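Report on one structure; see the data block that follows.
Computed from a predicted structure; not experimentally measured. Any value given below was found using the heavy atoms of this structure, including those in side chains, with hydrogens, waters and symmetry copies removed.
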Amino acid sequence: MTFVARPHLPVQKPQLPAGVRIYAISDIHGCAHLLEPMLRVIDADVAHNRPLYAIEVFMGDYIDRGPDTRATLDILIERSHRGNAVFLKGNHEAFLVKVFEDPSLFENWLGVGGAQTLMSYGLAPPDLTRDEPATILRDLIRVMPTEHLEFLDNLRLSYTCGDFFFVHAGVRPGVPLAEQTEHDLLWIRDEFLRSDERFGKYIVHGHTPVRSAEFLANRVNIDTGAYATGNLTLMSIQGSRMLAV
Ligand SMILES: [Mn+2]
């Protein structure tokens, strides 16, 4: 019997390893009421398709802006006990941790939806004519469950599987994936969004809202601005097939 070598074809489409099915959800921003039904969609899909390995990738920005950060973190922490979920860090989680260390940033946090987070933990709407930022933050740390604070402290910057690289915001063009800075991975917009560079992996990201999942040759953006639009996007990937609902 003769074995004929197949010509080495260039990889056309990014691939996941055989048997792996990934579910990615981006930018929940306190929309627990959208997250709950999405998790039921995932559970039904897993029950129907029975992948060998089902992996859930949450893309960061769990908190702020939307109505219920507290319930969102409760749901995600509960979900983490299954052991097949990856939780990426978003710029909002990184920023809140920074605000805890530096109360002078408190007003900036209010400008990006921090008041909704405070109120989700049962605190009054912040009134800076009456209360010092440090006092409000001390109250928040007091009412936040320890598991929530630990959750915020234990988020990953990126996740790689097969030909896919999952990250909250994006990557800096011209810099190898392994050498990206935390700041770029969590905050970058224009330089990344304008680039047609192939980054070594296919980038799955959120952070910059688009009307519907945006599939490009080098990346896919799945942030559909849930807190403003009511559309939380779920993307499933198996083999090289990407599907956003
Ligand atoms: Mn973001």
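Not a single donor-acceptor pair under 3.5 Å links the side chain of Thr69 to the backbone N or O of Gly30. Here the side chain of Arg189 pairs a donor or acceptor atom with the backbone of His207 at under 3.5 angstrom. With hydrogens and angles ignored, the 3.5 Å screen pairs a side-chain donor or acceptor of Ser120 with a backbone N or O of Arg70. In this structure, Thr229 contributes its side chain and Gly225 its backbone to a donor-acceptor pair below 3.5 Å. Remark: side-chain polar atoms of Glu191 are not paired, donor with acceptor, to backbone N or O of Pro173 under 3.5 angstrom. Panel note: side chain His29, backbone Tyr62; no donor-acceptor pair is recorded below 3.5 Å. Side-chain atoms of Glu93 come within 3.5 Å of backbone N or O of Asp61 as a donor-acceptor pair. Of the possible donor and acceptor atoms, one in the side chain of Gln180 sits under 3.5 Å from a partner among the backbone N and O of Arg172. Under a 3.5 Å cut-off, the side chain of Asp102 and the backbone N or O of Lys98 do not form any donor-acceptor pair.
Tested against Ile203 for a side-chain contact (heavy atoms from CB on, under 4.5 Å), the candidates Leu177, Val220, Asn218 yield a single pass: Leu177. Of the options Asn221, Asp27, Thr224, a side-chain hydrogen bond (donor to acceptor under 3.5 Å, both in side chains) to Thr233 is made by Thr224 and by none of the others.
Ile141 is connected to Leu73 through a chain of hydrophobic side-chain contacts under 4.5 Å among Ile, Leu, Val, Met, Phe, Trp and Tyr, so both are in one cluster. One hydrophobic cluster, built from ILVMFWY side chains closer than 4.5 Å, holds both Leu140 and Val112. Under the 4.5 Å side-chain heavy-atom criterion for ILVMFWY residues, no single connected hydrophobic cluster contains both Val175 and Leu157. Linking ILVMFWY residues whenever their side-chain heavy atoms come closer than 4.5 Å, directly or via other members, leaves Leu232 and Leu243 in distinct clusters. Val97 and Val99 fall within the same hydrophobic cluster, where Ile, Leu, Val, Met, Phe, Trp and Tyr residues are linked whenever their side-chain heavy atoms come under 4.5 Å apart, directly or through other members.
You'll find the side chain of Leu105 reaches within 4.5 Å of the side chain of Phe95, heavy atoms only. Counting only heavy atoms from C-beta outward, the side chains of Phe165 and Leu185 approach each other to under 4.5 Å. Between Leu34 and Ile28 the shortest side-chain heavy-atom distance does not fall below 4.5 Å. Contact of the Ile63 side chain with the Thr72 side chain is not registered, since no non-hydrogen atoms from C-beta on lie closer than 4.5 Å.
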Show, in sequence, the C-alpha distance, side-chain angles and deciding distance for Asp43 and Arg79, and conclude whether the salt bridge (charged side-chain N to carboxylate O under 4.0 Å, His left out) test is met.
CA-CA 11 Å; Asp43 291 340; Arg79 199 75 176 175; 2.8 Å; yes
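Among residue pairs with one or both ends in residues 108-138, those qualifying as ring pair (Phe, Tyr, Trp, His ring centres under 6.0 Å) are Phe106-Trp109, Tyr121-His148; sequence neighbours excluded. Sorted by first and then second residue, the salt bridge (Lys or Arg N to Asp or Glu O under 4.0 Å) pairs with a member in residues 197-225 read Glu214-Arg219; sequence neighbours excluded.
For the residue pair His33 and Asp68, no side-chain donor N or O sits within less than 3.5 Å of a side-chain acceptor on the partner.
The aromatic rings of Phe87 and Phe58 lie parallel to each other, with less than 30° between the two planes, well short of the 60° mark.
Here OG1 of Thr117 is found 8.0 Å from CE of Met144. Values are rounded to the nearest 0.5 Å.
For Phe215, the CZ atom sits in a packed shell: over 12 heavy atoms of surrounding residues, nucleotides or ligands are nearer than 6.0 Å.
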